[in-house]
Amino acid sequence: MSPAIGQVRPRRLRVNAAIRAMVAETSFEARQLILPVFVGEALTEPRPITSMPGVVQHTLDSLRKVAAQAAEAGLAGIMLFGIPERKDATGSGALDPNGILNVAIAAARSEVGDATLVMSDVCLDEFTDHGHCGVLTASGVVDNDATVEIYAQMAVLHAEAGAHLVAPSGMMDGQVGAVRAALDSAHRTDVAIMAYGAKYASAFYGPFREAVSSSLQGNRMTYQQDPANVREALREVALDVVEGADLIMVKPALGYLDVLAAVRAAVDVPVAAYNVSGEYAMVEAAAANGWINREAAITETLTSIRRAGADVILSYWALEVATA
Ligand code: PBG
């Protein structure tokens, strides 16, 4: 016979830290965390990013150090973003084998070997002077298919530079299939693709735009998804899986935990979530003002993302929490 309702005491499982730890359903470990890393061209010392306290644009030297620290801490990997000194309309720096991102990938890989994964952003927004994720047509709209061809070439360059995994983030139709085909015909069937499957046109990327010195005018609503939609995310994700995505990412994380849970339920591949710059900045700013308990907020943030279904999390706190 079941005890009377008043005798059912869920609090018994919370009376001390040991029992709470025993029954915790969710946790996060270093092996599940990826640190996004920015590398600036021609920097002589790391350049702080004002809107992301504690995050910098790295030099090649400081990149090597942080890559070694990531390996030492047992992180899953580092996700590299390159910031070229000069930007142009076609983002030509992205296809320069001596361009900052390709050089950074090579430096990181030579530092860590296979001890942690070297991952790279396959996108043009850091390289274009208009700040869009692709090249533009004569009338000024993003040219999907021309952009996808460039992504495919970028991915092969990244693989040649030493990337273990590439992450196309531009939300162009067909980008995952084109990148997979290009890698395969370059005999790089070993290089994995983490697809930004469900990437929303989000205000929470604000600080990132400073991080990559973005010159974007306008917005990305013609390629990134409408925050109002979840069925659309599942459609995008299904396409990415069919096109050959090895992992699927949902981005941002916190406002999209329902999307994350739906994606986790819908696919068999590992699912990642990107705890983006604005999510980082909000906690850091509130903590700096004494309005929030910083460490507790970070732990709660990462735990929530895992609980919603992320196997892997990209977070600017990855190294800190893995070495705490
Ligand atoms: C595009 C890209 C962006 C982010 C990661 N990749 C910016 C955008 O789509 O506007 C945002 C990451 C963050 O905000 O932390 N290359």
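The first residue in the sequence is number 1, and the count goes up from there. Whatever order the structure lists ligands and atoms in, that order sets their numbers, starting from 1.
Ranking protein heavy atoms by distance to atom 14 (O) of ligand 1, first place goes to Ser277 OG, 2.7 Å. Annotation: atom 12 (C) of ligand 1 to nearest protein heavy atom, Phe208 CD1, 3.1 Å.
The aromatic rings of Phe81 and Phe208 stand perpendicular to each other, their planes meeting at an angle above 60°, with 30° marking the opposite boundary.
The nearest non-hydrogen atom to atom 1 (C) of ligand 1, considering only Met249, Glu210, Lys199, comes from Lys199.
Numbered from 1 in the order shown, with element, the atoms of ligand 1 that lie under 4.0 Å from a heavy atom of Asp125 read 1 (C), 16 (N). With ligand atoms numbered from 1 in the order given, ligand 1 contributes 12 (C), 13 (C), 15 (O) to contacts under 4.0 Å with heavy atoms of Tyr316. Close approach of ligand 1 to Ser169 (heavy-atom distance below 4.0 Å) involves ligand atoms 1 (C), 6 (N), 16 (N). Which parts of ligand 1 touch Lys251 is read off a 4.0 Å heavy-atom cut-off, strictly below it: atoms 2 (C), 3 (C), 4 (C), 5 (C), 6 (N), 11 (C), 12 (C).
Contacts with ligand 1 closer than 4.0 Å are made by heavy atoms of both the backbone and the side chain of Val276. With a 4.0 Å heavy-atom cut-off, ligand 1 is reached by no atom of Val212.
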List the steps and the verdict of side chain to side chain donor-acceptor pair (under 3.5 Å) for Thr137 and Ser139. CA-CA 5 Å; Thr137 65; Ser139 57; 3.1 Å; yes

Would you mind writing out the side-chain donor-acceptor pairs for residues 235-246 within the sub-3.5 Å range, not counting sequence neighbours?
| unit_1 | atom_1 | unit_2 | atom_2 | d |
| --- | --- | --- | --- | --- |
| Glu243 | OE1 | Val176 | N | 3.3 |
| Glu243 | OE1 | Gly177 | N | 2.7 |
| Asp246 | OD2 | Ile193 | N | 2.8 |

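Of the possible polar contacts, none joining the Glu210 side chain to the Gly206 backbone as a donor-acceptor pair under 3.5 Å is found.
For Phe28, the ring-ring contact (aromatic ring centres under 6.0 Å, His included) test picks out no residue, with sequence neighbours left out.
One finds a salt bridge joining Asp311 and Arg264 here, because a Lys/Arg side-chain nitrogen approaches an Asp/Glu carboxylate oxygen to under 4.0 Å.
Put simply, no part of Tyr280 is less than 4.0 Å from ligand 1, judged by heavy atoms.
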